[in-house]
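Written below as structure tokens is the structure these notes are about.
Quick note: numbers below take in every heavy atom, side chains included, and nothing from hydrogens, waters or symmetry partners. In each ligand, atom 1 is the first atom listed, and ligand 1 is the first ligand listed.
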Amino acid sequence: MPEYNTLDDLEDGQRVLVRLDLNSPVEDGEVQDNNRFDRYSETVAALADADHKVVLMAHQGRPGRDDFVSLQQHADILAEHVGKPVEFVADTFGEDAIAAIESLEAGEILLLENTRMTDDELPEKDPEEHADSEFVKTLAPHFDAYVNDAYSAAHRAHASTVGFPLVLPAYAGLVMEREYEYNTSVANKEFDGPVTMVCGGNKSEDVISVVNNLGGKVDNFLLGGLPGELFRRAQGYPVGHDLEGMDLLDGQWDETKDTLEDLVENRLDEFGLPVDFAYEGDDGDRAEIALEDIEEKEDAYLDIGHDTIEDYLPYIEESDAVFVKGAVGVFEDERFADGTVELISAIAESDCFSVIGGGDTARTLDLYDIDEDEFDHVSIAGGAYLNALTGKELVAVEVLKANA
Ligand SMILES: Nc1ncnc2c1ncn2[C@@H]1O[C@H](COP(=O)(O)OP(=O)(O)O)[C@@H](O)[C@H]1O
Ligand SMILES: O=C(OP(=O)(O)O)[C@H](O)COP(=O)(O)O
């Protein structure tokens with residue numbers, strides 16, 4: 001029995017406020033379709049088919065970043081996946097939003113503007129404080145029920161994730177239920193043979209958290225992406241050059257330097273580290289360089305090289321279980337997709353237990369036609385998936401349980 005209410009407990013024909021996580025990559029201002037839309041379309045269609053008036057909330061990006069944009073495009077993409085119109089109102093909880101909510105008929109779907117465009121949504125606060133915000137107090141009286149389906153934002157204590165369930169009967173949506181049950185059960189799973197985790201992406205703190213919390217359970221961490229470069233920098237190699245206008249590597253290095261130096265000094269035998277890297281050569285093509293030939297920090301490395309891929313493949317082939325968190329290169333650019341695609345394809349071909357995690361990373365499967373059914377689970381969450389794997393509670397799920 002789930003410890004929270006689910007859609008099975010929700011009577012038909014109600015006014016339902018639903019929190020989704022439609023946070024997506026944005027390239028040149030264009031929101032990129034990805035499997036979050038596909039997964040959420042099932043929940044949204046089920047609610048519309050049950051004659052609810054369906055009002056959706058979601059966030060996109062973070063204030064101040066390029067991906068902090070309106071949800072107008074998300075409504076169109078979601079409508080394609082649901083196969084029904086999804087109206088959009090460019091307002092979070094003002095007069096326009098309320099008017100649009102009130103004019104909705106049973107079975108109709110409306111998406112409100114990016115929740116992070118109201119000051120009440122951020123920052124992290126207690127559920128009680130969020131429940132007392134104007135955002136929650138204004139919207140809640142227009143609804144009979146609140147559904148949280150935003151598993152991938154369930155580690156965030158924001159008004160839309162923890163405030164509403166205190167003032168409305170609250171239910172977990174289909175995505176929330178499946179991801180929570182699955183990722184929590186995986187955390188307790190035991191394997192007879194070696195367990196490997198491929199860690200890449202652009203959030204080094206996530207990787208440090210996994211390495212610190214799962215050291216006893218994971219035998220090999222194969223590193224790529226930004227963490228791969230920073231672990232090598234911690235050994236004294238001059239790698240980790242930021243792309244123009246970005247401060248990802250140097251910024252993260254300042255924050256994580258001491259921990260990384262400690263890890264490479266004391267736990268080196270647990271890590272697979274890149275022995276070569278790919279970068280954009282003078283002709284614009286993919287070029288590769290061996291780690292030992294790098295003399296100074298002057299190129300941005302965008303993928304692990306082929307010698308590193310060859311080093312990593314046997315670990316995957318010999319493991320009983322392989323987990324992935326974060327792509328080992330900038331797979332969105334075909335020139336730098338080799339590392340991510342070759343490692344994920346090897347996992348797909350192996351008969352090991354496998355989980356692919358990370359909103360961005362899961363997109364590799366769509367872009368490179370890798371069949372999702374080849375894996376035991378593909379999570380559309382990154383940070384929340386890691387919290388589950390490392391046994392940490394998800395604040396928004398705890399609020400749902402308390403409200404059950
Ligand atoms: N060497 C690299 N330099 C810059 N970005 C990278 C590099 N390797 C991977 N990335 C980027 O990391 C992103 C995924 O990072 P992250 O948010 O940590 O993963 P997820 O969303 O899957 O949890 C991808 O969009 C990829 O382009
Ligand atoms: O995409 C998300 O996180 P993820 O990349 O860890 O899966 C969530 O939407 C949370 O976004 P946030 O990390 O800006 O709070």
Check ligand 2 against Ser152 and write out every atom of the ligand that is under 4.0 Å from a heavy-atom position of the residue. 8 (C), 10 (C)
Taking Glu190 first and then Lys217, would you say they form a salt bridge - that is, a charged N and a carboxylate O separated by under 4.0 Å? no
Donor-acceptor list for residues 87-94 side chains, cut-off 3.5 Å, not counting sequence neighbours:
unit_1: Asp91; atom_1: OD1; unit_2: Gly94; atom_2: N; d: 3.3
unit_1: Asp91; atom_1: OD2; unit_2: Gly94; atom_2: N; d: 3.2
unit_1: Asp91; atom_1: OD2; unit_2: Asp96; atom_2: N; d: 3.2
unit_1: Asp91; atom_1: OD2; unit_2: Ala97; atom_2: N; d: 2.8

With a 4.0 Å cut-off on heavy atoms, is Ala153 touching ligand 2? no
Which pairs pass ring-ring contact (aromatic ring centres under 6.0 Å, His included) with one or both residues in residues 321-365, sequence neighbours excluded? Phe191-Phe353
I need the atoms of ligand 2 closer than 4.0 Å to a non-hydrogen atom of Asn23, numbered in the order shown. 1 (O), 2 (C), 8 (C), 9 (O), 11 (O)
Partner of Thr196 by side chain to side chain donor-acceptor pair (under 3.5 Å), out of Asn220, Asp219, Asp320: Asn220
Considering distance alone, does some N or O of His158 sit under 3.5 Å from an N or O of ligand 2? no
May I ask you to list the atoms of ligand 2 that are less than 4.0 angstrom from any heavy atom of Lys203? 4 (P), 5 (O), 6 (O)
Closest candidate by heavy atom, reference atom 10 (N) of ligand 1, pool Pro274, Gly329, Gly225: Gly329
Report the part of Gln60 (side chain from C-beta onward, or backbone N, CA, C, O) that has a heavy atom under 4.0 Å from ligand 2; answer both or neither where that applies. neither
Any salt bridge between Glu121 and Arg19, counting N to O under 4.0 Å? yes
Considering only NZ, NE, NH1 and NH2 on the basic side and carboxylate oxygens on the acidic side, decide whether Glu3 and Lys401 come within less than 4.0 Å. yes
Could you tell me whether ligand 2 has any atom less than 4.0 Å away from a heavy atom of His59? yes
If I apply the N/O under 3.5 Å rule, does Tyr301 come out as touching ligand 1? yes
Any Arg363 heavy atom less than 4.0 Å from ligand 1: no
Number the atoms of ligand 2 from 1 as they appear, then name those within less than 4.0 Å of a heavy atom of Arg156, with their elements. 12 (P), 13 (O), 15 (O)
Is ligand 2 less than 4.0 angstrom away from at least one heavy atom of Arg36? yes
Considering Asn202, Asn23, Val330, Leu226, which one's heavy-atom position lies nearest to atom 15 (O) of ligand 1? Asn202
Can you classify the ring geometry of Phe37 versus His74 as parallel (below 30°), tilted (30 to 60°) or perpendicular (above 60°)? tilted
Numbered in order shown, the ligand 2 atoms found under 4.0 Å of a heavy atom of Arg62 are 12 (P), 13 (O), 14 (O)
Under 4.0 Å between a side-chain nitrogen and a carboxylate oxygen: does that hold for Glu229 and Lys297? no
Proximity flag Arg116 to ligand 2, non-hydrogen atoms under 4.0 Å: yes
